[in-house]
S.K.: 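Just dropping this structure here.
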Amino acid sequence: MERIKAQEQGESPLHPDPLEIPALSYCAMAQSKPYPASAAHQAALGFPGELVENWQEKAVAKLGELVRNNRALRFYLDGCVRCGACTDKCHYFLGTGDPNNMPVARQNLMRKVYRRHFTLSGRIAPSLVGAEDLTREVLDEWYTYFHQCSQCRRCSVYCPFGIDTAEISMAAREIMDTIGMGQKYCNEIIGKVFKIGNNLGLPPKALKATLAGLEEEIEEDTGVPVRLPLDEEGADILLVTPSADFFASPHMEGLIGYAKVLHESGVSWTFSSHASEAANFGMFIGSRENMQKVAQRIADAARDLKVKRIVFGECGHAWRVAYNFLDTLAGPFDFLDRRYPVPQHICEFTYDLIQQGKLKLDKSKNDHIRLTFHDSCNVARASRMGDMPGGQFEIPRAILRACCNHYYDMDPDTIREATLCCGGGGGLLTDELMDLRTKGASPRMKALREVADEHGVTHMAAICAICKAQFSKVLPKFGFDMEAIVSVHQMVSNAIVLTGSKQDAEANEADEQAGPVPAVAVSAEAEPAQAANAQEEA
């Protein structure tokens, strides 16, 4: 890439390095914190409504419970040797310069309390080992900086011991909830799922009307009556998708893409009004109990509707929870058809149809788009797709290349397993954290700017609802159009030619008018490149 070439030649690169280590800015983000949860938000999740009187004692007891029951967490707290491998791997540190956003420093906010209460050296000589009591000042630091971690796990990829800051952040949030110091955004959303069934608080009647409106839109565009069924017992597939897909761009365009693919496949499918949400914010707050309650709604809906398969839509952390935990949270799913993955991602479903030649895709419908792909963190570093290693990287790209003539990857150090976070994940997608979100997105935006300038890239696709919502907000702050972020299945929707559609008729007419493609005579002695060029021109 031009930046690497410039560095090798001793010249100034044309584009800033997205991974450039910033100048340190101590306590730069100390005032950035989310709104606290109200007593009602806390109560809905089974937590105290305000900071309890003996909060230090309860917090230390909860920490002890967590390290006893979670050997990985105990190792993460014991195993760090402060080697520095993770210091510059967090996008929030790269964007803010605040040393407390170095993963090792954020971890140490909990580690020093752990050492004070759960190690012999910390109890005997705390100052010698960096051990501290959990004071109100330390608790406030927890609330600030553990809500400046998107739980993206990039740091764990580079840690020689695999220490995972995300697990420490989730533990800290669970402890704070337990003593009455929760975060409004996550806890309010989880409460809506328990009460209504989705993050938006969208009641069944409104959901039904939304789906009916989308059916009309698709039929008007294609001439084909594509159904978006709701609560239909006996369907083959239960589709569980993030509720953002029901109301906003580019999520809704992706939902239309799912519907077209499912229609063309010929399978029967349905949504559930009881479980109209794929996302599970219980993971963000580290609460297994709340994760389980959200997951149970999906299991109950699948049983009640007597489906054979569960397919998840485009949502990064929803797929992580489903892929890793769904069976243990709400299983066994022995009533489903085990010939298919339990669960299955919509990208896996679409990719299989493409591989079998069952979808007709017209790439030219996306010729106005020059595309790149953002690997969403929870998909890239905490799950898989398909039956091949790295399927979570290859399957979305294969779908996009099947739908688009102009595709380009970003800097290899910023994609796939090393992907940069969108800056809004982990329960941080809230307006009061907009400054943090913007700074956290800046490394990804630098990588996007580079590929935009080098290859004319105009759009970036993603398979995560939070990524799409975050980029819609921050793209304009970096000189991009807010509509430059698209769903993967939005690209599918643009390109797919439904059987019997207006587009199908137009394509058949064009083929008839064009007539048979003439053969191209290429000399056997011609160079391979010349033969390829001749065939391409034909």
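Residue numbers run from 1 in the order of the sequence given.
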S.K.: Is K358 atom NZ crowded by more than 12 heavy atoms from other residues, nucleotides or ligands, each under 6.0 Å away?
M.R.: no
S.K.: Does H274 offer a backbone N or O that forms a donor-acceptor pair with the side chain of R297 under 3.5 Å?
M.R.: yes
S.K.: Does a side chain donor of either Q296 or D300 reach within less than 3.5 Å of an acceptor in the other side chain?
M.R.: yes
S.K.: Could you work out, with salt bridge (Lys or Arg N to Asp or Glu O under 4.0 Å) as the rule, every residue matching E253, not counting sequence neighbours?
M.R.: none
S.K.: Only pairs under 3.5 Å count here: list side-chain donor-acceptor contacts from residues 254-267, not counting sequence neighbours, and write none if there are none.
M.R.:
from	atom 1	to	atom 2	distance (Å)
Y258	OH	D245	OD2	2.9
Y258	OH	E314	N	2.9
K260	NZ	S493	O	3.2
K260	NZ	S493	OG	3.1
E264	OE1	T499	N	3.3
E264	OE2	T499	N	3.2
E264	OE2	T499	OG1	2.5
S265	OG	L262	O	2.7
S265	OG	V267	N	3.3

S.K.: Partners of F480 by ring pair (Phe, Tyr, Trp, His ring centres under 6.0 Å), sequence neighbours excluded?
M.R.: none
S.K.: Would you say the side chains of S383 and H345 form a donor-acceptor pair under 3.5 Å?
M.R.: no
S.K.: Any side chain to side chain donor-acceptor pair (under 3.5 Å) involving residues 220-234? Give me the pairs, sequence neighbours left out, ordered by first then second residue.
M.R.: R227-E232, D231-S273, E233-K306
S.K.: What residues, two or more places apart in sequence or in another chain, satisfy salt bridge (Lys or Arg N to Asp or Glu O under 4.0 Å) together with D453?
M.R.: R449
S.K.: For C377, is there any backbone N or O sitting under 3.5 Å from a side-chain donor or acceptor partner on R320?
M.R.: no
S.K.: Does R309 reach the main-chain N or O of L336 with its side chain, forming a donor-acceptor pair under 3.5 Å?
M.R.: no
S.K.: Tell me every residue that passes salt bridge (Lys or Arg N to Asp or Glu O under 4.0 Å) with K308, counting only those two or more places apart in sequence or in another chain.
M.R.: D236
S.K.: Strictly by salt bridge (charged side-chain N to carboxylate O under 4.0 Å, His left out), give each pair with a member in residues 430-440 just once, sequence neighbours left out.
M.R.: D435-K439
S.K.: Please verify the inter-ring angle class for F247 with H251; under 30° counts as parallel, over 60° as perpendicular, anything in between as tilted.
M.R.: parallel
S.K.: Report all side-chain donor-acceptor pairs from residues 187-195 shorter than 3.5 Å, counting only partners two or more places apart or in another chain.
M.R.:
from	atom 1	to	atom 2	distance (Å)
N187	ND2	Q42	OE1	2.7
N187	ND2	D177	OD1	2.9
E188	OE1	K184	NZ	2.9

S.K.: Taking salt bridge (Lys or Arg N to Asp or Glu O under 4.0 Å) as the definition, give me every residue that meets it alongside R384, ordered by chain and number, with sequence neighbours left out.
M.R.: none
S.K.: When you look at F246 and F271, which way does the ring-ring contact (aromatic ring centres under 6.0 Å, His included) test go after all the steps?
M.R.: CA-CA 11 Å; F246 300 127; F271 290 110; 5.5 Å; yes
S.K.: Judged by atom type as modelled, is there a donor-acceptor pair below 3.5 Å linking the side chain of S487 to the main-chain atoms of P250?
M.R.: yes
S.K.: Taking the side chain as C-beta and beyond, is there a heavy-atom pair between L228 and I218 under 4.5 Å?
M.R.: yes
S.K.: Under the ring pair (Phe, Tyr, Trp, His ring centres under 6.0 Å) rule, collect the residues that match up with H41, sequence neighbours excluded.
M.R.: none
S.K.: Which residues satisfy the ring pair (Phe, Tyr, Trp, His ring centres under 6.0 Å) test with F373, sequence neighbours excluded?
M.R.: none
S.K.: Quick check: does any side chain N or O of D504 sit under 3.5 Å from a backbone N or O of V497, one acting as donor and the other as acceptor?
M.R.: no
S.K.: State, with a plain yes or no, whether a side-chain heavy atom of M460 is found less than 4.5 Å away from one of R444.
M.R.: yes
S.K.: State plainly whether the residues R416 and E394 are in salt-bridge range, i.e. N to O under 4.0 Å.
M.R.: yes
S.K.: Could you pull out all residues at least two apart from Y408 that satisfy ring pair (Phe, Tyr, Trp, His ring centres under 6.0 Å)?
M.R.: H455
